> 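Mind having a look at this structure? Questions to follow.
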Amino acid sequence: QSQLVESGGGLVQPGGSLRLSCAASGFTLGLDSYAIAWFRQAPGKARESISCISGRDGRTNYADSVRGRFIMSRDNSKNTVILQMNSLKPEDTAVYYCAAYRSGAPCVMSQAWYDYWGQGTQVIVSS
């Protein structure tokens with residue numbers, strides 16, 4: 001059974017950092033060329049895409065709201081994707097989800113493309 005599991009969420013002060021992980025099981029991210037994305041959903045708001053990484057060449061794409069602060073990377077040896085979040089703001093508070101679909105093409109940020117989803121991990125940015 002293919003699944004994704006996020007971890008690393010928690011409470012952090014504004015300006016701080018968190019590192020989220022997304023571990024895949026049942027499929028091999030690098031070998032099978034899966035595009036991976038991070039989404040987030042704040043209370044009362046729609047889920048939004050924030051970053052993605054392409055399956056074949058590892059190129060990344062970011063939403064304007066996180067560009068320059070968040071860094072997405074992939075560790076094929078651990079079958080894991082990382083989201084390093086720096087300079088966190090209260091508006092980054094949300095449940096963060098990782099998702100995947102199989103493709104060697106450049107990743108897309110649209111939720112409709114993604115077939116596999118994790119259960120989410122809560123991030124709270126507050127003093």
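These numbers come from a predicted model, not from an experiment.
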> Locate the shortest heavy-atom distance separating Ala100 from Ile36; write the atom from each residue and the value.
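Reported closest heavy-atom pair: CB-CD1, 3.3 Å.
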
> Which heavy atom in Gly8 sits nearest to a heavy atom in Thr121, and how many Å separate them?
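Taking every non-hydrogen atom into account, N-OG1, 4.2 Å.
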
> Using only atom types and a distance under 3.5 Å, with no angle test, would you say the side chain of Arg59 pairs donor to acceptor with the backbone of Ser54?
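Not a single qualifying donor-acceptor pair exists.
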
> I need the minimum non-hydrogen distance between Val108 and Tyr114, along with the two atoms involved.
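Heavy atoms only, the tightest pair is O-OH, 2.6 Å.
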
> Indicate the ring-plane relationship of Trp117 and Phe39, choosing parallel, tilted or perpendicular according to the 30° and 60° boundaries.
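Ring orientation of Trp117 relative to Phe39: tilted.
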
> Without swapping roles, check the side chain of Asn61 against the backbone of Cys52 for a donor-acceptor pair under 3.5 Å.
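Between the backbone of Cys52 and the side chain of Asn61 there is no qualifying donor-acceptor contact (under 3.5 Å).
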
> Go through the steps to decide whether Arg19 and Ile82 satisfy the test side-chain contact (heavy atoms from CB on, under 4.5 Å), and finish with yes or no.
CA-CA 7 Å; Arg19 180 182 169 97; Ile82 301 296; 3.7 Å; yes

> Give a yes or no answer on whether the side chain of Arg69 reaches the backbone of Ser87 with a donor-acceptor pair at less than 3.5 Å.
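Checked: pair present.
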
> Where is the tightest heavy-atom contact between Val125 and Thr93, given as atom of each residue plus distance?
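Distance-wise, the nearest heavy atoms are N-OG1, 2.9 Å.
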
> With heavy-atom distances below 4.5 Å as the criterion, would you say the side chains of Ser17 and Met85 are in contact?
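Result no, sub-4.5 Å side-chain heavy-atom pair not found.
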
> Indicate, with yes or no, if Val66 and Ile124 share a hydrophobic cluster defined by side-chain heavy-atom contacts under 4.5 Å among Ile, Leu, Val, Met, Phe, Trp and Tyr.
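Unlinked, Ile124 and Val66 end up in two clusters.
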
> In this structure, would Tyr101 and Tyr34 fall into the same cluster of hydrophobic residues linked by side-chain contacts under 4.5 Å?
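No, Tyr101 does not connect to Tyr34 through the hydrophobic network.
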
> Specify the closest pair of heavy atoms between Asn76 and Arg74, including all atoms of both residues, with the distance to one decimal.
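It is OD1-NE, 3.0 Å.
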
> Salt bridge check: are Lys89 and Asp92 linked by an N-O gap of less than 4.0 Å?
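No, Lys89 and Asp92 are not salt-bridged.
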
> Under a single-linkage definition using a 4.5 Å side-chain heavy-atom cutoff for Ile, Leu, Val, Met, Phe, Trp and Tyr, are Ile50 and Trp113 assigned to the same hydrophobic cluster?
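Different clusters: Ile50 never reaches Trp113 through Ile, Leu, Val, Met, Phe, Trp or Tyr contacts under 4.5 Å.
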
> Do Arg40 and Glu48 have side-chain heavy atoms sitting under 4.5 Å apart?
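Sidechains of Glu48 and Arg40: in contact.
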
> Quick one: which of Leu83, Asn86, Leu11, Leu88 gives a side-chain contact (heavy atoms from CB on, under 4.5 Å) with Leu18?
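Among Leu83, Asn86, Leu11, Leu88, the one that satisfies the side-chain contact (heavy atoms from CB on, under 4.5 Å) with Leu18 is Leu88.
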
> Would you kindly confirm whether Ile71 and Leu20 end up in one hydrophobic cluster when ILVMFWY residues are joined by side chain heavy atoms under 4.5 Å apart?
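Per the 4.5 Å side-chain linkage, Ile71 and Leu20 are co-clustered.
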
> Are Phe70 and Trp38, when compared by the centres of their aromatic rings, separated by less than 6.0 Å?
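So the answer is no for these two rings.
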
> Determine, for Tyr97 and Arg47, whether the Lys NZ or Arg CZ falls below 6.0 Å from the six-membered ring centre while staying within 45 degrees of the axis.
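Arg47 over Tyr97 ring: yes.
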
> Determine whether a donor-acceptor pair (N or O, by modelled atom type, separation under 3.5 Å) exists between the side chain of Gln122 and the backbone of Gly10.
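Flag not set: sc Gln122 to bb Gly10 has no pair under 3.5 Å.
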
> Can any side-chain N or O of Ser33 pair as donor or acceptor with the backbone N or O of Arg56 at less than 3.5 Å?
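Checking the backbone N and O of Arg56 against the side chain of Ser33, no donor-acceptor pair under 3.5 Å is found.
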
> Do Val81 and Glu6 have side chains that approach each other closer than 4.5 Å (heavy atoms only, starting at C-beta)?
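The answer is no; the side chains never approach within 4.5 Å.
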
> Rounded to the nearest 0.5 Å, what's the gap from CG on Asp75 to OG on Ser21? Could you check?
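Nearest 0.5 Å value for the CG-OG distance: 9.5 Å.
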
> Say whether Val95 and Met109 are linked into one hydrophobic cluster, either directly or through other cluster members, by side-chain heavy-atom distances under 4.5 angstrom.
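Different hydrophobic clusters.
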
> Nearest heavy-atom pair of Ser51 and Met72: which atoms, and what distance?
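Nearest heavy atoms, Ser51 then Met72: OG-SD, 3.2 Å.
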
